[in-house]
Amino acid sequence: NRWFDASKCPRGLRIMSICVRKARMADVVEIQRCNLLCLPENYNTKYFLYHALSWDLLFVAEDAGKVVGYVMAKLDDENDKDKVHGHITSLAVLRTHRQLGLATKLMRLAQHAMEHVYRAQYVSLHVRESNTAAFHLYNKTLGYLQFAVEKGYYADGEDAYDMRKPLRNKDYAPPSKNKDKDSSNDGTSANGSNSSNKRGKSKNKNRRKNRPNSKTANSADRR
C-alpha cells in the first residue's frame with residue numbers, strides 16, 4: 001500500500017510505517033551510521049553533505065524517526081546534455097528492514113529524479129562480484145545490464161561489475177569500451193581487464209593509485 005502524507009512525510013512516499021523521502025541536512029548523521037553498519041565502503045560526513053548540496057540526489061527510508069536506508073547518487077558530464085548521466089554512489093538498507101522492497105523504492109526515486117529533473121541519458125553503478133543479492137536487485141528487478149568488469153576496483157582487491165541502465169532514451173546505448181579501445185588504444189579490453197599494452201597498464205595503474213581506500217570519503221561504494 002502506498003500513499004502520500006504531506007504532514008508526516010513532506011514530499012515523500014509512505015509505505016506502511018516507513019517514509020521514503022528526500023534527505024534533509026539533519027539526516028546526515030543517521031545516514032552515515034547506516035553506511036557504517038551496512039557497507040565496507042565508508043564516507044565521512046562532508047562527503048554526504050557534498051553530494052546532498054551538489055546534486056540533491058540523496059534519499060532516505062525513515063522508520064519511526066530513524067534512517068533505516070538511503071541511496072546517494074550524483075551526475076557526471078553535466079556540461080554536455082548528450083552525455084550527462086547519473087551514477088549511484090551508495091545504497092544501503094539496515095538488515096532489520098530488508099526484504100521490504102526499500103532498496104528498490106530508493107533506487108527508483110533516485111532514477112526518477114535523474115531522468116526527469118536532470119535529464120540524464122543513463123545511470124551507472126558498481127557492485128561487488130561476490131554480492132549476488134545486490135546484482136540480482138540491479139539486474140532482475142531494476143533492469144541494469146552488465147557493461148564491464150573492473151578488475152581490482154575495491155580497496156580489498158575485489159573486482160566490480162560496471163552496470164548501466166538507459167533512462168530518457170530506452171534505446172540509448174552507453175559508450176562502448178570496445179569502441180574506446182579501438183579509437184584510443186588505451187589498453188582496456190571489453191570486459192574491463194588490462195591488455196598487454198603498456199600505455200593502458202600505466203593508465204589503469206594511475207587510476208588505481210588515485211582511487212581512495214574504503215575508509216576515505218572519495219571511495220566508490222556499492223552494496
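The first residue in the sequence is number 1, and the count goes up from there. The figures here come from the full heavy-atom set of this structure, side chains too, leaving out hydrogens, waters and symmetry mates.
Aromatic ring orientation, H116 versus H112: tilted (interplanar angle from 30° to 60°). The aromatic rings of H85 and Y122 sit parallel to each other, their planes meeting at less than 30°, with 60° as the upper class boundary.
Here the side chain of K165 pairs a donor or acceptor atom with the backbone of L142 at under 3.5 angstrom. Judged by distance alone, with hydrogens and angles left aside, the side-chain atoms of N131 form a donor-acceptor pair with the main-chain N or O of A134 at under 3.5 Å. At distances below 3.5 Å, at least one donor-acceptor pair connects side-chain atoms of N42 with backbone N or O atoms of L39.
With a 4.5 Å cut-off on side-chain heavy atoms, E158 and S130 count as touching. Under the 4.5 Å side-chain criterion, counting only non-hydrogen atoms from C-beta, V93 is not in contact with C38. Side-chain contact between M72 and L58 is present, with heavy atoms from C-beta onward closer than 4.5 Å. Residues V84 and D76 have side chains not in contact (no heavy-atom distance under 4.5 Å, counting atoms from C-beta outward). Contact check for V20 versus F59: no side-chain heavy atoms found under the 4.5 Å cut-off. With a 4.5 Å cut-off on side-chain heavy atoms, K66 and E30 count as touching. Proximity of D162 to V149: side-chain heavy atoms (C-beta onward) are nowhere separated by under 4.5 Å. When side chains are defined from C-beta on, Q111 does not count as touching L57, because their heavy atoms never get closer than 4.5 Å.
Residue D63 forms a side chain to side chain contact (heavy atoms under 4.5 Å, CB included) with just one option from L94, T96, L102, I18, and that option is I18.
A centroid separation of less than 6.0 Å is found between the aromatic rings of Y43 and F48.
Side-chain heavy atoms closer than 4.5 Å link hydrophobic residues (I, L, V, M, F, W, Y) into clusters, and following such links, possibly through other members, connects V117 to W55. Note on M107 and L145: separate hydrophobic clusters, where clusters join Ile, Leu, Val, Met, Phe, Trp and Tyr whose side-chain heavy atoms are under 4.5 Å apart, directly or indirectly. Linking ILVMFWY side-chain heavy atoms closer than 4.5 Å, directly or via other members, places L37 and V68 in a single hydrophobic cluster. V29 and L49 fall into different hydrophobic clusters, where Ile, Leu, Val, Met, Phe, Trp and Tyr side chains are chained together by heavy-atom contacts under 4.5 Å.
Closest of all the heavy-atom pairs between A120 and L167 is O-CB, 3.6 Å. For the pair S124 and R164, the tightest heavy-atom approach, listed with the atom from each and the gap, is CB-CG, 3.8 Å. Between N35 and Y70, the closest heavy-atom pair is ND2-OH, 2.9 Å. In plain terms, the two heavy atoms of V60 and L106 that are nearest each other are C-CD2, 3.7 Å. Residues G152 and D159 come closest through the heavy atom pair N-OD1, 2.7 Å. Scanning both residues, V123 and M114, for their nearest heavy atoms gives CG2-CE, 3.5 Å.
L125 contributes atom CG, which lies 9.0 Å from atom CG of L91 (distance to the nearest 0.5 angstrom). With rounding to the nearest 0.5 angstrom, the CD1 atom of I31 is 13.5 Å from the OH atom of Y47.
With sequence neighbours left out, the ring-ring contact (aromatic ring centres under 6.0 Å, His included) criterion links Y161 to F135. Remark: D156 engages R128 in a side chain to side chain donor-acceptor pair (under 3.5 Å) (not counting sequence neighbours). Residues satisfying the salt bridge (charged side-chain N to carboxylate O under 4.0 Å, His left out) test with E129, not counting sequence neighbours, are none.
For the residue pair S90 and E41, no side-chain donor N or O sits within less than 3.5 Å of a side-chain acceptor on the partner.
A salt bridge between R21 and D27 is present, with a side-chain N of the basic residue lying under 4.0 Å from a carboxylate O of the acidic one.
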| task | Please report the C-alpha distance between N139 and Q146 in whole Å, then the side-chain angles of each, then the deciding distance to 0.1 Å, and finally whether the side chain to side chain contact (heavy atoms under 4.5 Å, CB included) criterion is met. | result | CA-CA 8 Å; N139 180 244; Q146 182 181 329; over 6 Å; no
